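Scope of the values below: all heavy atoms of this structure, side chains included, with no hydrogens, waters or symmetry mates. Model, not experiment: these values are computed from the prediction.
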There are 2 protein chains.
Amino acid sequence: MKQSTSTQDYLKHIYELTECGLPASTNDMARKLNIKPASVTGMIQKLATEKPALVEYQKHQGVTLTPAGRRAALEVIRHHRLLETWLVQTLGYSWDEVHEEAERLEHVISEDFERRIAAALGNPARDPHGELIPTADLKMPEDDSTPLSALRPNQTATIQRVIAQDPNLLRHLESLGLTPGIQIEIMEYSPFDNNLTVKVGRKVNVLGLNITTKIFVEIK
Amino acid sequence: MKQSTSTQDYLKHIYELTECGLPASTNDMARKLNIKPASVTGMIQKLATEKPALVEYQKHQGVTLTPAGRRAALEVIRHHRLLETWLVQTLGYSWDEVHEEAERLEHVISEDFERRIAAALGNPARDPHGELIPTADLKMPEDDSTPLSALRPNQTATIQRVIAQDPNLLRHLESLGLTPGIQIEIMEYSPFDNNLTVKVGRKVNVLGLNITTKIFVEIK
DNA sequence: CGTAAAATTTAGGTAAGGCTAAATATATTT
DNA sequence: AAATATATTTAGCCTTACCTAAATTTTACG
Ligand SMILES: [Mn+2]
Ligand SMILES: [Mn+2]
Ligand SMILES: [Mn+2]
Ligand SMILES: [Mn+2]
């Protein structure tokens, strides 16, 4: 029942890679986990033969989670996001410092610890990056946000979440005022490079695809 | 430089077993770590040949820590005791619930996390059981306490620390009011069984050696 | 002292979870 | 439809940290 740190990280990353609906490829997994593709194949084969199976796997076809695997993944993701929230709220971490710490803690906290921090935080719905936190019964709430890259001039929106762990990117976004809850307005769109000119407060910035695809918003 | 969870637990237990001044025996280590003696021998041989060596070891003579090993042990013990203190203070754990959780967390928190909880707690000197917390520069403060078992009638003392992780024992002691900071007075001593009759508040209890050797006090 | 008991070490094995190099399957291009 | 390039898997190794069973010390004692 209780999985190793490695297994938990594999399941978490498979969850994230398959959110788009497609199976996760061996190479993508290897890149994301910083492990060689050959090792990924080996581990995936093991996860597929556990009882109950944690992943669905067919040679050369990529991998998806079984219901048991999804539950295990959501458990880890809940830990991770609660921990991040809690490191920010109670220990004064900034949003670019929490990821690495949560990455290690997520595997060792007890269910009791999970309940205690969830309660202390008032069962938060989102983590410091705006990501949804799976509920205590391991359901992932629906997300209705749109990538900023899809907006066009004159649209107004509220930033809901930012998909990034890189501390440098997170600090950059913070310096631009692009954090969850903030209102923005699209001023211009340039085709070909897909840049968006965005007004945040009274500042105006031109943002490239590398940024606009990582920010998800709720359109007004 | 950074050790595995296993290595850290070995070093911590060697520290504890050698506090009396004698080397730690293979069997004692095995009992304490819940690992077979043969495995302990193997691990100790490895610790002795690390560079720098973490333990001093001669076949059949038991094991002691080198300065490097002692530093590593104190690092883990500092983590453990700060974590216990912090679980009690900020998440409402009771003193019989913290050990197991700290036992896992101690290996994964960063030095930054350590500094943050130490600061948030006001750099506490002792953990919830009254054990001394190694300082940030990894010195273990002097302990001047006496085992309760050494006291005799008419002596008065303050409980300073309790050496126990067993939750049942800890709950029992708490129910008797035997917790750090509490004043006690010795009423009677019975030879042969070494029982002590101890007054705590207005309650009087007869305590056997199994309890009196685990409570350390400061004599008034 | 000499032997039995207890403690410790050695030898040989297992399971995880990595890696490299080589083989094979799939995808892309001409 | 080949031929090449890319992705994936297989095979064979390695390290860590355990285990059991069989030596070997050390210690305890008659
Ligand atoms: Mn992780
Ligand atoms: Mn959980
Ligand atoms: Mn530390
Ligand atoms: Mn531990």
Asks: Shoot me the first and last contacting nucleotide of DNA chain C against chain A, ordered 5' to 3', at under 4.0 angstrom to non-hydrogen atoms.
Replies: C:dA16 to C:dT26
Asks: Ignoring hydrogens and geometry beyond distance, is a side-chain donor-acceptor pair present between B:His80 and B:Asp127 at under 3.5 Å?
Replies: no
Asks: A:Met140 and A:Pro134: which non-hydrogen atoms are nearest, and at how many Å?
Replies: CE-CG, 3.8 Å
Asks: Does a side-chain heavy-atom distance below 4.5 Å link A:Phe216 with A:Pro180?
Replies: no
Asks: Whole angstrom is fine here: how far is it from CE in A:Met29 over to P in D:dT9?
Replies: 11 Å
Asks: Closer to the 5' end of DNA chain C via nearest nucleotide, is it A:Thr7 or B:Asp28?
Replies: B:Asp28
Asks: Using a heavy-atom distance cut-off of less than 4.0 Å, which residues of residues 46-61 of chain A contact DNA chain C?
Replies: A:Lys46, A:His60
Asks: Kindly indicate whether a cation-pi arrangement holds for B:Arg116 with A:Tyr93, taking the cut-offs as under 6.0 Å to the six-membered ring centre and within 45° of the axis.
Replies: yes
Asks: Ignoring hydrogens and angles, state whether a donor on the side chain of B:Ser190 or B:Asp193 is under 3.5 Å from an acceptor on the partner side chain.
Replies: yes
Asks: Does A:Thr41 reach a base, just sugar-phosphate, or nothing at all? Heavy atoms under 4.0 Å.
Replies: base
Asks: Name the residue from B:Glu106, B:Glu84, B:Glu131, B:Glu114 that meets the salt bridge (Lys or Arg N to Asp or Glu O under 4.0 Å) definition with B:Arg78.
Replies: B:Glu114
Asks: For B:Thr26, which contact category applies under a 4.0 Å heavy-atom criterion: base, sugar-phosphate, or nothing?
Replies: sugar-phosphate
Asks: Of B:Ser25 and A:Tyr10, whose closest DNA chain C nucleotide lies nearer the 5' terminus?
Replies: B:Ser25
Asks: Classify the side-chain pair A:Ser145/A:Asp143 by whether it contains a donor and acceptor separated by less than 3.5 Å.
Replies: yes
Asks: Quick check: closest heavy atoms across B:Ser149 and B:Leu196, and the distance to 0.1 Å?
Replies: CA-CD1, 4.1 Å
